[in-house]
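To keep things clear, I will list the structure first and then write my remarks on it.
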Amino acid sequence: SHLKPVAPGAWLTPTQIGRRLGLTAYTVGRIVTELGLRGDIPGLARSYPHWRPHMDRPVVCHAYSPEAVRRIEAAVLAVA
């Protein structure tokens with residue numbers, strides 16, 4: 001599924017953003033925290049439960065809007 005093109009306007013996870021930028025999901029998470037995008041922010045960030053195999057409870061995952069992704073990309077370019 002990671003080979004499929006991203007639809008315009010799609011919300012992306014830190015892993016997907018990291019793949020686009022050549023970063024790890026952990027690094028993207030640090031940038032997200034620095035930008036204040038952590039948590040549920042209408043129009044920018046949302047969290048959702050995701051069931052992982054062999055786990056008895058869901059893991060909270062995060063997705064970011066195209067606007068939030070632009071902010072994250074800008075922060076990466078500002079440092080580079």
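For the single chain, residues carry numbers from 1 onward in sequence order.
- Side-chain contact between Leu37 and Arg71 is present, with at least one heavy-atom pair separated by less than 4.5 Å.
- Here Thr15 pairs with nothing under the side-chain hydrogen bond (donor to acceptor under 3.5 Å, both in side chains) rule; sequence neighbours left out.
- The stretch residues 29-41 participates, sequence neighbours left out, in no salt bridge (Lys or Arg N to Asp or Glu O under 4.0 Å) pair at all.
- With sequence neighbours excluded, the residues that form a salt bridge (Lys or Arg N to Asp or Glu O under 4.0 Å) with Arg70 are Glu67.
- Side-chain contact between Thr27 and Val76 is absent, with no heavy atoms from C-beta onward closer than 4.5 Å.
- Side-chain contact check for Val69 versus Gln16: every heavy-atom pair is 4.5 Å or farther apart.
- A pairwise comparison of heavy atoms in Gly39 and Ala45 identifies O-CB, 3.3 Å as the closest pair.
- Across Leu35, Leu12, Val32, Ile41, a single residue satisfies side chain to side chain contact (heavy atoms under 4.5 Å, CB included) together with Tyr64, and that is Val32.
- Side-chain contact between His62 and Ser47: present, with at least one pair of heavy atoms (C-beta onward) separated by less than 4.5 Å.
- Linking ILVMFWY residues whenever their side-chain heavy atoms come closer than 4.5 Å, directly or via other members, leaves Leu44 and Tyr48 in distinct clusters.
- Residues Ala75 and Ile31 share a closest heavy-atom pair of CB-CG2, 3.9 Å.
- Trp11 and Ser65 make their closest contact through CE3-N, 3.5 Å (heavy atoms, listed as atom of the first residue, atom of the second, distance).
- Between the OG1 atom in Thr24 and the CZ atom in Arg19 there is a gap of 12.0 Å [rounded to 0.5 Å].
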